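Keep in mind that what you see is a predicted model, and the values were worked out from it rather than measured.
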Amino acid sequence: MAILHTEFSNQTIDGDSISAADKKICSYIDQYGNISYDSIISQETSWQIFYNLTELRKGVLSWYDFPPQARVLEIGAGFGTLTGCLCGKCAHVTATERSLYRAKTIAKRYADVANLDVYAGDVSNMEFPERFDYIVLIGILERAGKGSRELEPYVEYLRSLQGLLKPDGCLLAAVENRFGLRYFCGEEEPHTHRPFDGMNRYVRGTSGYSFSRQEMENIVQAAGFQNHRFYYLLPDYKLPQLIYTDTYLPNKGIREKLIPYYQNPDTLIACERELYYDVIDNRVFPFFANSFLVECKAEAVSDAACQIIYAAVSTDRGVERGFATVIRTDKVVHKEPLYEAGRPSARKLYENIADLHAHGIPVVEHKLLPGDILEMPFIPWPTLSDYMKGIMRDRKDKFLEILDRIYGYILHSSEQVPEEENALYGKLGKNIDFDASKKPDFGPILKKAYMELIPLNCFYHAETEDFLYFDQEFVRERYPAKYILFRAIHYMYCFTPNAEEYYPKEKLIAKYGMEDTWQIFFQEEQIFLGEVRNKGRYSQFYQRTGVDQGHIYANIMQLKAVGWQGK
């Protein structure tokens, strides 16, 4: 069981001084213990409660390849959301937390975990029986200098931790970037809740200080960590989805993968998602990345501790479908279940790939490793989606030819069943509105409809014109082939600027005979997305993802009006 150490704490628990949110979090833990809370807190309106209990937070470290024998010190564990993730990956975890109330709650949450010690108090006053392989600082360094704009307090803080590391040990520090693209777009600064405060260096004061990339590099070098590597976390280190490195930077397809969120979308004056094209084109992504995770080692000549150069984490898919997809330094790709409950999904994905291959569909080769980890070769081709975006304006014949090939693969991916077995018939008039005066023509009905036979999930070699499909996890039984084609076209137009000007979508709807079914497919897609992304379970997150272009324009005009008044 977890062991609680209170000898370094000078606190007593005064119920009147504990916030209502902390009490509510503790009550959940008292009631449920060590479980996934996402379903239980789906109706919570408090962001603080959601943030301290959601599985989405684990994305900051769930992909990282800690050695299984690693002994880890986690500083500032809060209510232990990341503590459980670390305990599952490492031999032993020592978690520290200033608040005695929170430390006791962590020990209670993980009462059945044998490889955890919890210390209450300030880490600077503690003595430990060992030195550690890793020290984990998630959102702690920013507050270590009490808002100072000078870098020396942060340098001294990191220096003070070096004595707790083994000679070849590694420190992992996650921080916000005060020049993150989201902050240029008008997102509130996390320490002051005022837009643009970080890039103005907090001239009105701050309780915490976020760092530019260069500032962070200066701090870790001055603290004696000669060997360091930056990971760039999007949308941030708090709820990460995508992790990049200087070895593997994003391409323009980032818009199709990233779901930005904002604490207050009402302050935005630009759309972050739309700016990534230019940021990537101008090769300045590292400067504008919203968050950093910095891997720091004192040994100047040693290799990086982690052999991963890119990761995508799908913590929002739930414990049954949550995966980390990583690219390693040897250019091998692994797709690993984040939870034990996800192993059947990994095996099913492997079976899907084998089934598609048996039907003559070109797929990336997959191997199923022990632990139900999927291994694939790294394919250095662009996605078919990126290629089609590039030819949509000037090579319309080629664009249409590729769409025909996509539909051909969809039709050959499965046997067909009689029209009356169409599963969508059961949804018409119930979940889906339609014109009851005429029967829609759904076209061929597939016994197994592979939902991801679309350009987003396909590599393309322009010279050989070869397709290679990947990530074929989602399957619907007895669904129209044209629904998959709808998905291919729909997302092409969602993520291609000016697509309607290049080739009107209505012409494709007519070409493939979807005039009566397009809106039906669109409604079904909203249902599908809601299920896949667990939008009900993560309403606290998704209600912060909407960006209103009209409101952005109104903010711009308001700024202009204020400026003119000032004159």
Side-chain angles (χ1 to χ4, degrees), residues 8 10 60 73-78 96-99 121-126 132 134-165 169-233 236-238 246 263 267 284-300:
F8 300 106
N10 58 8
V60 66
L73 173 64
E74 179 191 12
I75 298 176
T96 75
E97 170 52 45
R98 283 179 178 269
S99 163
D122 189 329
V123 68
S124 64
N125 299 324
M126 294 177 183
F132 300 94
Y134 288 87
I135 294 177
V136 172
L137 293 172
I138 307 299
I140 300 299
L141 184 62
E142 295 158 298
R143 300 195 300 272
K146 299 180 180 179
S148 172
R149 293 192 289 176
E150 301 299 323
L151 299 186
E152 190 57 31
Y154 310 100
V155 173
E156 285 301 320
Y157 181 75
L158 291 188
R159 280 186 189 142
S160 72
L161 299 178
Q162 282 215 27
L164 300 175
L165 275 175
C170 176
L171 183 143
L172 296 171
V175 298
E176 296 276 9
N177 176 11
R178 63 189 181 87
F179 290 116
L181 191 58
R182 59 163 32 162
Y183 301 119
F184 274 91
C185 291
E187 164 71 328
E188 289 182 351
E189 208 284 332
H191 305 299
T192 66
H193 306 292
R194 294 188 295 262
F196 309 112
D197 256 13
M199 62 185 68
N200 285 312
R201 298 196 73 209
Y202 310 97
V203 292
R204 295 180 181 272
T206 174
S207 61
Y209 186 93
S210 296
F211 310 102
S212 69
R213 189 193 185 286
Q214 189 59 53
E215 285 173 329
M216 193 62 193
E217 186 159 11
N218 292 345
I219 289 168
V220 298
Q221 285 184 335
F225 293 100
Q226 298 305 307
N227 182 7
H228 56 271
R229 170 196 259 175
F230 276 76
Y231 291 93
Y232 308 110
L233 284 65
D236 57 17
Y237 74 77
K238 296 180 176 73
D246 291 305
Q263 288 297 319
T267 64
V284 289
F285 173 79
F287 178 81
F288 285 105
N290 290 331
S291 289
F292 310 124
L293 175 69
V294 191
E295 181 187 79
C296 311
K297 299 184 74 175
E299 293 185 343

Do [X] and [Y] meet the criterion of a side-chain donor-acceptor pair at a distance under 3.5 Å?
{"X": "R213", "Y": "Y232", "answer": "yes"}
{"X": "E295", "Y": "H228", "answer": "no"}
{"X": "E176", "Y": "Y183", "answer": "yes"}
{"X": "Y134", "Y": "E74", "answer": "no"}
{"X": "R143", "Y": "Y209", "answer": "no"}

What heavy-atom pair brings [X] and [Y] nearest, and what distance separates the two atoms?
{"X": "P153", "Y": "G145", "answer": "CB-CA, 3.9 Å"}
{"X": "K238", "Y": "P190", "answer": "NZ-CB, 4.5 Å"}
{"X": "I138", "Y": "A174", "answer": "CD1-CB, 3.7 Å"}
{"X": "I140", "Y": "I75", "answer": "CG1-O, 3.4 Å"}
{"X": "K297", "Y": "C170", "answer": "CG-CB, 4.0 Å"}
{"X": "E150", "Y": "S148", "answer": "N-OG, 3.0 Å"}

How about [X] and [Y]: do any of their side-chain heavy atoms sit closer than 4.5 Å?
{"X": "S210", "Y": "Y202", "result": "yes"}
{"X": "L171", "Y": "L161", "result": "yes"}
{"X": "M216", "Y": "L141", "result": "yes"}
{"X": "F211", "Y": "I219", "result": "yes"}
{"X": "F292", "Y": "L233", "result": "no"}
{"X": "L172", "Y": "V294", "result": "no"}
{"X": "R149", "Y": "V203", "result": "yes"}

[atom1] of [X] to [atom2] of [Y]: how many Å apart, nearest 0.5 Å?
{"X": "H193", "Y": "E189", "atom1": "NE2", "atom2": "CD", "answer": "8.5 Å"}
{"X": "D197", "Y": "E188", "atom1": "CG", "atom2": "CD", "answer": "10.0 Å"}
{"X": "L293", "Y": "L137", "atom1": "CG", "atom2": "CG", "answer": "10.5 Å"}
{"X": "R201", "Y": "S212", "atom1": "CZ", "atom2": "OG", "answer": "9.0 Å"}
{"X": "L158", "Y": "C296", "atom1": "CG", "atom2": "SG", "answer": "7.0 Å"}
{"X": "E215", "Y": "L151", "atom1": "CD", "atom2": "CG", "answer": "5.5 Å"}

So does [Y] get a backbone contact from the side chain of [X], meaning a donor-acceptor N/O pair under 3.5 Å?
{"X": "D236", "Y": "N290", "value": "no"}
{"X": "S160", "Y": "Y157", "value": "yes"}
{"X": "E187", "Y": "T267", "value": "no"}

Are the ring centres of F288 and F184 closer than 6.0 Å?
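Between F288 and F184, the centre distance is under 6.0 Å.
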For a side-chain contact (heavy atoms from CB on, under 4.5 Å) check, start with the C-alpha distance between T192 and R204, then their side-chain angles and the critical distance, and finish with the verdict.
CA-CA 9 Å; T192 66; R204 295 180 181 272; over 6 Å; no
Is it true that D246 and R229 make a salt bridge, defined as a side-chain N closer than 4.0 Å to a carboxylate O?
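Result for this pair is no, no salt bridge flagged.
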Presence of salt bridge, E142 and R178, under 4.0 angstrom:
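No salt bridge links R178 with E142.
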Give the intermediate values and the outcome of side-chain contact (heavy atoms from CB on, under 4.5 Å) for residues F225 and Q162.
CA-CA 9 Å; F225 293 100; Q162 282 215 27; 3.6 Å; yes
